[in-house]
Amino acid sequence: MNTVYSIGELESFLVAILVLFIGHSVNRHVASFRKYNIPEPIVGGLIVAAIITILHFNNIALEFTLSMQNTLMLMFFSTVGLAASYKLLLKGGSKVFVFLGIASLYIVIQNAVGVSLATALGLEPLMGLIAGSITLSGGHGTGAAWAQTFSETYGINTLEFAMAAATFGLVMGGIIGGPVAQRLINKNDLLSSYGVGGNHHKDHPDLVTYDQLEEDRVTAKSILEVLFLLLLCVAGAKWIGSFVSTMDIGWLKMPDFVYALFLGVVITNITELSRGYKINSESVDVLGTVSLSLFLAMALMNLKLWEIFDLAVPLLIILLLQTLTLAFFAYFVTFRLMGSNYDAAVMAGGHCGFGMGATPTAVMNMGALVSRTGPSPQAFMVVPIVGAFFIDIVNAIILQGYLSFMG
């Protein structure tokens, strides 16, 4: 029986920051991690998760208190919205639908791979969907929801498999994104249109880079103003989510971070059209980068790696092949269909993130890239909008199609 140690709120927050420091320190000393832009939260998070796993097998359980985790995620998606002015949306809007088509095509392939391999390995074909887009494109929340559906409808208990598959996907999505995109950038000699290095904010005042190495000129006043707007988006998102649930408006029911993102879009475009107040993009950049880093550190601190150890060998085989399939698809298909340019390479890295894990993983992949290779504002607009809003709807439709066909 495990001895459980509960870690307080403040101490848990300190560990989350320590995760980032560990990741930074390891990346600084391991050249291959820097070369392939393995994100620092992934590196630090896996080290801490490994320590927690060792303690788990020695009958010691650590429980972190991470009540800020969801708020930090909502804050980050609010900054994505605040960075999406109507001028940027008009400039790259068509790319959203191209990328949505590519991501939708991949979900069909992802489920085909899962069902085919599950059948070949002697598993229930439905398990192929669990090891397909349910957990890999959908994440832990979607996995838990569908596991309940499978239990009620088909009498199959898939919750443990779903959680393990989603955890595996989260880790692998963060690992393969950087190498895939970096290979594309190096092979094709691609450059950011904004250049590499230098002070991008000085040359392009409205640019939000999500580059943790960028030199930002911010003031306490600008940070407080943007923090107020972010918390306004967070509070508004929670209020809308609660209202939609209370009123039972099914067609409006979406994850809270979607509401936060679109509230940010509304606020930034109102201020831009009215010209009464200009949002400080550098403060948005700083707070967005900090909130994303801390959110991911907290998510990875809570990884239960022993759930992956408990995976049946056939399911592990399916997930490894899913990883390779996505890497090849992003490299050969996503990159080419998105334009074969620098932005397309960054988006290919992002596709690895949310095709195997979640939208924050996609953004983390892209953030690690742009810190070294230059800004890609189009990628930071297209990938989060598709990953945060459209892909869950498409995923549900495609899954229903598979279930009807398999029925």
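Between the side chain of Tyr342 and the main chain of Thr373, a donor-acceptor pair closer than 3.5 Å is present. For the pair Ser192 (side chain) and Ser376 (backbone), a donor-acceptor distance under 3.5 Å is absent.
Listed by chain and residue number, Leu369 satisfy the side-chain contact (heavy atoms from CB on, under 4.5 Å) test with Ala181 (two or more places apart in sequence, or in another chain). For Phe21, there are no ring-ring contact (aromatic ring centres under 6.0 Å, His included) partners at least two apart in sequence or on another chain. Phe99 pairs by the ring-ring contact (aromatic ring centres under 6.0 Å, His included) definition with His351, Phe354, not counting sequence neighbours.
Contact of the Leu18 side chain with the Leu14 side chain is not registered, since no non-hydrogen atoms from C-beta on lie closer than 4.5 Å. Two residues are said to be in side-chain contact when any heavy atoms from C-beta on lie closer than 4.5 Å; Thr271 and Lys278 fail this criterion. Put simply, the side chain of Phe335 reaches to within 4.5 Å of the side chain of Asn188, judged on heavy atoms. In this structure the side chain of Cys233 never reaches within 4.5 angstrom of the side chain of Leu74, judged on heavy atoms. Looking at heavy atoms from C-beta onward, Leu136 lies in side-chain contact with Gln110 at the 4.5 angstrom threshold. With contacts defined as side-chain heavy-atom distances shorter than 4.5 Å, the pair Ile130/Thr135 qualifies. Annotation: side chain of Glu225 is not in contact with side chain of Asn280 (no heavy-atom distance under 4.5 Å). At least one side-chain heavy atom of Ile52 sits under 4.5 Å from a side-chain heavy atom of Phe64.
For the residue pair Ser283 and Ile223, the shortest heavy atom distance occurs at OG-N, 3.7 Å. Scanning both residues, Val383 and Ala362, for their nearest heavy atoms gives CG1-CB, 3.9 Å. Heavy atoms only, all atoms of each residue included: Leu227 and Leu287 are closest at N-CD1, 3.8 Å. Thr361 approaches Gly174 most closely through the heavy-atom pair CG2-N, 3.6 Å.
A donor-acceptor contact closer than 3.5 angstrom is absent between the side chains of Ser242 and Ser245. Side chains of Asn395 and Ser137: a donor-acceptor N/O pair is absent below 3.5 angstrom, by distance only.
In this structure, CG on Asn365 lies 7.5 Å from CD1 on Ile42, to the nearest 0.5 angstrom.
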Original post:
Hey, mind stepping through Tyr106 and Thr334 against side chain to side chain contact (heavy atoms under 4.5 Å, CB included) and telling me if it holds?
Top reply: CA-CA 9 Å; Tyr106 183 69; Thr334 305; over 6 Å; no

Begin with the C-alpha distance, continue with both residues' side-chain angles, and end with the deciding distance and a verdict on side chain to side chain donor-acceptor pair (under 3.5 Å) for Ser67 and Glu9. CA-CA 8 Å; Ser67 59; Glu9 183 82 41; 2.7 Å; yes

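Atom CZ of Phe328 sits in a sparse spot, with 12 or fewer heavy atoms from other residues, nucleotides or ligands closer than 6.0 Å.
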